[in-house]
Amino acid sequence: MLERIQLQRLYGAKTGLDLVQSLPGVEREMEFFPIFLKLRQQPCLVVGGGEVALRKARLLLAAGARLQVVAPELAPELAQLASEGALTHLAARYAAEQLDGQRLVVVATDDRAVNHQVAADAEARGILVNVVDDPAASRYISPAIIDRSPLMVAVASGGSVPVLARSIRARLESLIPAGYGRLARFGASFRDAVKARFPDVDARRRFWETVLEGPLADAVMNGDEAAARAEMEARIAAGGADRVGAVYLVGAGPGNPDLLTFRALRLMQQADVVLYDKLVAPELLNLVRRDAERVYVGKARANHALPQDDINQLMVMLAKQGKRVLRLKGGDPFTFGRGGEEIATLAEQGVPFEVVPGITSASGAAAYAGIPLTHRDYAQSVTFVTGHKQDGTIQLDWPALTRPQQTVVVYMGVSTAAELCQAFIAHGRGAQTPAAAVEWATTERQRTVCGTLSTLPSLMASHGIASPALIIVGEVVELADKLAWYRRSENSAVTIQED
């Protein structure tokens, strides 16, 4: 009351709406007040029996409402729900007395006059009512929902542009993993214990921020709740002090940022330190959190900025300092990425880690070059190999690699392309076998050179094909001319065919 009197002295006798608009920093009133309703076991009514009514009925049933649908006839799925006892069907036309005792009403008929009559009758009874696609006649509107129960996110455009709300919801869906529901339930189970341990509000907030954005939260979302619960209890007992960080081995894919997984992108935004090598496209590093420390660890042929053992120990050291370490790898960490060696060291040292798969470079390069790795008319199997030399020779299982109707993808084979192609021929693969090299696959710098085992090395040399690039050997390469689809600009994604 005192606040009301003080406001009236400042702004004069005005309506509540006028008063709000007069307050500093308030530009305009909200058309709709955001609210979440508890509808479990509450009587709700849907007027209408078509497909639109079905969509609304599903949402109300998901919220646990005791639902009645009024319509002379029902759409097949609504009728099925009624037959199963999920809802009650009143096979009749609308009448005002059907509103009696209802908590909430949704109107979804194709008769505008009926819709407005239901809305008017509901208003007269003080019942919340929504007329689908008619916000002016509605007391409330239904937002676009991201459901991570018990965590819920709702997006609305005031009923004016529902497609925009759905578009924003689609973007948020990619940023809010399904595991957040588990995390919300997990946190709720410790709420009282945390409140007792941290009576100070600021200390409690800092504790929750640490828990909900670190390795413990990742463990919950990955389904390892037992370990997370033990860690949570230890943190509460220790007063919230961080015990150890974590390492995330993340596959960055073949280069195009659009091909990152949602999980990879989220971890890139959370990392304190990022270790990356030559095969990670520069465009991807722009997506890393801006204040994260970035450490280049090399991995050019015969010129490693850091030896592998040093990389392993660096990850351990940083994690034990309590940092979230992102080991960003081109392609997939477990496909010629030495990810297995790295996590073996982490496991030995007791450092928490997670592996996030990426689109392996072979899949990305082949798809963007229009070369299917398998095809029932050309190849029934595919094999991935690495083209690294060992002691001056290439140690590969040549009898297995030269079988007919097989595609072979060679990683890290640019520097040994001539020796590789000669070896294929020497071990029985025809000199005219189609072969291709794909450079900077999936990016705007992509170039594809197509030839044969006898001509590919010279074509690569004459066109300056350099790492990162993959070599693809097999009859499927013949399809590149017909199936190549990726064209970003006049100078990008060029496919160079043998003359």
Side-chain angles (χ1 to χ4, degrees), residues 34 36-40 54-65 86 142-156 162-191 194 208-232 235 245-253 256-271 284 287-289 324 326-329 332-334 339 343 352-360 363:
F36 290 90
L37 295 176
K38 184 184 292 185
L39 292 178
R40 187 164 300 280
L54 171 63
R55 294 199 300 270
K56 301 302 180 182
R58 286 187 189 129
L59 288 172
L60 290 170
L61 290 173
S142 296
I145 298 169
I146 299 99
D147 185 358
R148 303 289 187 266
S149 295
L151 178 69
M152 303 289 290
V153 180
V155 182
V163 173
L164 176 61
R166 289 196 293 270
S167 174
I168 293 172
R169 178 190 65 184
R171 296 186 184 188
L172 292 175
E173 287 276 10
S174 68
L175 300 175
I176 306 174
Y180 266 108
R182 289 194 296 272
L183 184 59
R185 291 189 292 274
F186 177 88
S189 70
F190 282 96
R191 182 178 179 183
V194 171
W208 280 118
E209 286 176 348
T210 301
V211 166
L212 297 178
E213 295 182 359
L216 191 153
D218 293 323
V220 174
M221 289 191 285
N222 290 333
D224 192 2
E225 191 164 327
R229 190 165 291 277
E231 175 69 13
M232 184 71 165
R235 286 197 183 198
V247 176
Y248 304 96
L249 274 70
V250 173
N256 188 332
D258 289 343
L259 299 180
L260 283 170
T261 64
F262 296 150
R263 179 69 174 154
L265 182 59
R266 190 168 75 88
L267 291 173
M268 290 168 71
Q269 290 290 311
Q270 293 180 353
L284 295 170
L287 300 176
V288 170
R289 200 178 87 191
R324 291 169 291 187
L326 184 80
R327 178 68 172 101
L328 195 59
K329 293 174 168 288
D332 178 83
F334 279 7
I343 65 172
F353 64 86
E354 178 183 339
V355 180
V356 180
I359 295 177
T360 186
S363 296

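With sequence neighbours excluded, the residues forming a side chain to side chain contact (heavy atoms under 4.5 Å, CB included) with I359 are P254, L259, S363, listed by chain and number. Legend: residues meeting side chain to side chain donor-acceptor pair (under 3.5 Å) with Q269, ordered by chain and number and at least two apart, are absent. The salt bridge (Lys or Arg N to Asp or Glu O under 4.0 Å) check on R289 picks up D272, D291, with sequence neighbours excluded. Residues satisfying the side chain to side chain contact (heavy atoms under 4.5 Å, CB included) test with A62, not counting sequence neighbours, are none. For the side chain to side chain donor-acceptor pair (under 3.5 Å) test, residues two or more places apart in sequence or in another chain that qualify with E354 are N222, R263. Every side chain to side chain contact (heavy atoms under 4.5 Å, CB included) that A271 has, sequence neighbours left out, goes to V274, L326. Listed by chain and number, the residues in a side chain to side chain contact (heavy atoms under 4.5 Å, CB included) with P357 are D332 (sequence neighbours excluded).
Here Q270 contributes atom CD and D218 contributes atom CG; the two are 6.5 Å apart, rounded to the nearest 0.5 Å. Distance CG/L216 to CG/D224: 10.0 Å, rounded to 0.5 Å.
With contacts defined as side-chain heavy-atom distances shorter than 4.5 Å, the pair E231/P352 does not qualify. Contact check for F190 versus V211: no side-chain heavy atoms found under the 4.5 Å cut-off. Inter-residue side-chain proximity for V155 and P143 is flagged as unmet; no heavy-atom pair is nearer than 4.5 Å. Residues M152 and D147 meet the side-chain proximity criterion, which asks for heavy atoms closer than 4.5 Å.
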Anything under 3.5 Å between a donor and an acceptor, one on a side chain of residues 178-187, the other on a protein residue two or more places apart or in another chain? List them.
{"residue": "Y180", "atom": "OH", "partner": "R266", "partner atom": "NH1", "Å": "3.4"}
{"residue": "R182", "atom": "NE", "partner": "V220", "partner atom": "O", "Å": "3.3"}
{"residue": "R182", "atom": "NH2", "partner": "M221", "partner atom": "O", "Å": "2.1"}
{"residue": "R185", "atom": "NH1", "partner": "S149", "partner atom": "O", "Å": "2.8"}

Going by atom type alone, with no hydrogens or angles, which donor-acceptor pairs under 3.5 Å involve a side-chain atom of residues 164-173 and a protein atom two or more places apart or on another chain?
{"residue": "E173", "atom": "OE1", "partner": "R148", "partner atom": "NH1", "Å": "3.2"}
{"residue": "E173", "atom": "OE1", "partner": "R148", "partner atom": "NH2", "Å": "2.6"}

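Between A264 and T261, the shortest heavy-atom contact is N-OG1, 3.0 Å. In terms of heavy-atom proximity, G339 sits nearest to F334 at C-CE1, 3.7 Å. Counting all heavy atoms, side chain and backbone alike, L260 lies closest to A252 at CD2-O, 3.6 Å. Heavy atoms only, all atoms of each residue included: P333 and G358 are closest at CD-N, 4.1 Å.
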Practice problem: Could you give me the CA-CA distance, side-chain angles and deciding distance for V194 and M232, then say whether side-chain contact (heavy atoms from CB on, under 4.5 Å) is met? | Solution: CA-CA 10 Å; V194 171; M232 184 71 165; 4.0 Å; yes

